[in-house]
J.: 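Please see the structure below; I have some questions.
Counting starts at 1 for both ligands and their atoms, following the listed order. The chain is numbered in sequence order, starting from 1.
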Amino acid sequence: MVKGGQNSQNIMLILSSPSGVGKTTLTKKIQQKYSSFKISVSHTTRSARSNEVDGVDYFFVNSKEFENLIKEKKFYEFAKIFDNYYGTLKENVDKNIKKNDILFDIDWQGTKQLSKHKNLNLLKIYLITNNKEELKSRLIKRNQNSQKEIDLRFKSFDDDIKHWSDYDYVLINKNLEACFKQIEEIIKVSKSKISNLLHTIQ
Ligand code: 5GP
């Protein structure tokens with residue numbers, strides 16, 4: 001038994017970063033290479049982008065539906081980010097963790113809330129960029145947000161990075177491939193630690 005209730009070697013990998021640092025690309029790369037990882041699909045009240053699919057990228061719901069889920073205490077964590085709600089349902093996590101590792105693309109507020117659940121086997125990685133100007137051009141190039149939203153996301157950078165110390169690792173995404181390799185190494189080390197721990201206590 002690892003960390004109380006989570007009865008397996010499976011890990012919950014959290015990736016957080018300011019908007020535009022490349023987290024979604026890295027999340028998808030991890031899932032493509034490691035079939036053990038399932039991406040946690042969040043609920044959100046933000047509108048779907050043209051390339052997003054309901055139930056795959058997010059479960060898109062309205063504010064009333066989201067607030068009902070809050071009232072019913074269905075979330076492990078939720079936060080209001082850029083004027084929209086985002087949250088992770090308990091039910092989905094509890095079901096998936098029995099068979100899979102889980103990958104969370106969530107912000108620092110959600111990470112703080114998940115960290116309060118001491119029975120969860122969390123591995124927390126924070127990604128930053130070394131080039132803030134490049135980040136702005138990436139946000140614009142992505143062309144998925146209005147100018148107002150791009151400004152809001154860019155302005156939140158300084159506040160967001162204040163929370164790096166809540167994480168186990170902080171990585172600078174200078175180069176996507178190099179950053180991916182670092183994440184792979186971290187996963188390997190974490191998995192072997194858990195496996196050794198299980199051998200010791202069995
Ligand atoms: P986006 O609108 O670009 O998809 O996501 C905006 C921010 O919301 C990102 O930083 C992303 O990590 C975060 N986010 C996505 N889903 C969740 C969630 O379920 N909970 C929390 N706390 N943050 C989330």
Side-chain angles (χ1 to χ4, degrees), residues 12-31 37-63 65-67 69-70 72-97 102-117 120 122-129 132 135-136 138-164 166-167 170-171 173 179 183:
M12 298 190 177
L13 174 60
I14 299 180
L15 286 188
S16 298
S17 73
S19 200
V21 170
K23 182 180 39 175
T24 309
T25 315
L26 284 163
T27 306
K28 294 201 167 139
K29 245 173 116 57
I30 295 167
Q31 198 198 24
F37 274 96
K38 261 200 182 320
I39 295 180
S40 164
V41 181
S42 300
H43 279 61
T44 185
T45 57
R46 117 156 134 60
S47 327
R49 295 172 184 148
S50 58
N51 59 339
E52 288 177 329
V53 178
D54 190 23
V56 176
D57 298 285
Y58 281 105
F59 294 104
F60 296 97
V61 293
N62 62 37
S63 300
E65 286 169 310
F66 200 101
E67 278 156 12
L69 290 167
I70 297 175
E72 292 163 12
K73 301 201 186 315
K74 299 278 190 191
F75 289 112
Y76 257 128
E77 63 77 31
F78 68 91
K80 207 158 204 188
I81 308 163
F82 313 127
D83 294 335
N84 281 302
Y85 279 123
Y86 295 79
T88 309
L89 277 198
K90 281 182 194 159
E91 197 183 306
N92 296 348
V93 173
D94 290 345
K95 191 176 73 197
N96 285 329
I97 197 62
I102 307 183
L103 198 47
F104 296 89
D105 170 344
I106 62 173
D107 83 328
W108 62 269
Q109 303 174 78
T111 304
K112 253 194 186 349
Q113 292 170 47
L114 278 185
S115 301
K116 286 187 189 145
H117 295 268
L120 304 181
L122 302 179
L123 177 59
K124 300 177 278 185
I125 302 180
Y126 191 78
L127 298 167
I128 52 168
T129 176
K132 217 171 142 184
L135 181 128
K136 188 156 198 183
R138 237 192 268 172
L139 282 173
I140 295 167
K141 234 192 280 165
R142 202 160 73 170
N143 199 21
Q144 290 162 335
N145 306 103
S146 66
Q147 186 58 48
K148 191 177 145 226
E149 253 183 283
I150 291 171
D151 289 344
L152 199 63
R153 282 168 185 253
F154 188 64
K155 276 197 197 117
S156 74
F157 181 91
D158 293 336
D159 267 342
D160 206 285
I161 61 169
K162 283 182 194 150
H163 302 279
W164 65 270
D166 291 341
Y167 291 78
V170 178
L171 303 181
N173 185 13
C179 189
I183 296 175

J.: For R46 and E52, what are the C-alpha separation, side-chain angles and deciding distance, and is it a salt bridge (charged side-chain N to carboxylate O under 4.0 Å, His left out)?
T.: CA-CA 11 Å; R46 117 156 134 60; E52 288 177 329; 2.9 Å; yes
J.: What is the minimum heavy-atom distance between C179 and N173, and which atoms define it?
T.: CB-OD1, 3.5 Å
J.: Using the test side-chain contact (heavy atoms from CB on, under 4.5 Å), find all partners of K23 that sit at least two apart in sequence or belong to another chain.
T.: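 With neighbours one apart ignored, the set is L15, S17, T27, D105, L127.
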J.: Using the test side chain to side chain donor-acceptor pair (under 3.5 Å), find all partners of Q147 that sit at least two apart in sequence or belong to another chain.
T.: D151
J.: Let me know which protein residues bring a heavy atom to under 4.0 Å of ligand 1; chain then number is fine for ordering.
T.: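 For ligand 1, the residues that come within the 4.0 Å heavy-atom cutoff are K23, S42, R46, R49, Y58, E77, A79, I81, Y86, G87, T88, D105, I106, D107, G110, R153.
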J.: Parallel, tilted or perpendicular for F75 and H43, by the 30°/60° rule?
T.: perpendicular
J.: Show the atom names and distances, to 0.1 Å, of all donor-acceptor pairs under 3.5 Å that link a side chain in residues 76-83 to residues at least two apart or in another chain.
T.:
residue: Y76; atom: OH; partner: D94; partner atom: OD1; Å: 2.7
residue: E77; atom: OE2; partner: T88; partner atom: N; Å: 3.3
residue: E77; atom: OE2; partner: T88; partner atom: OG1; Å: 2.4

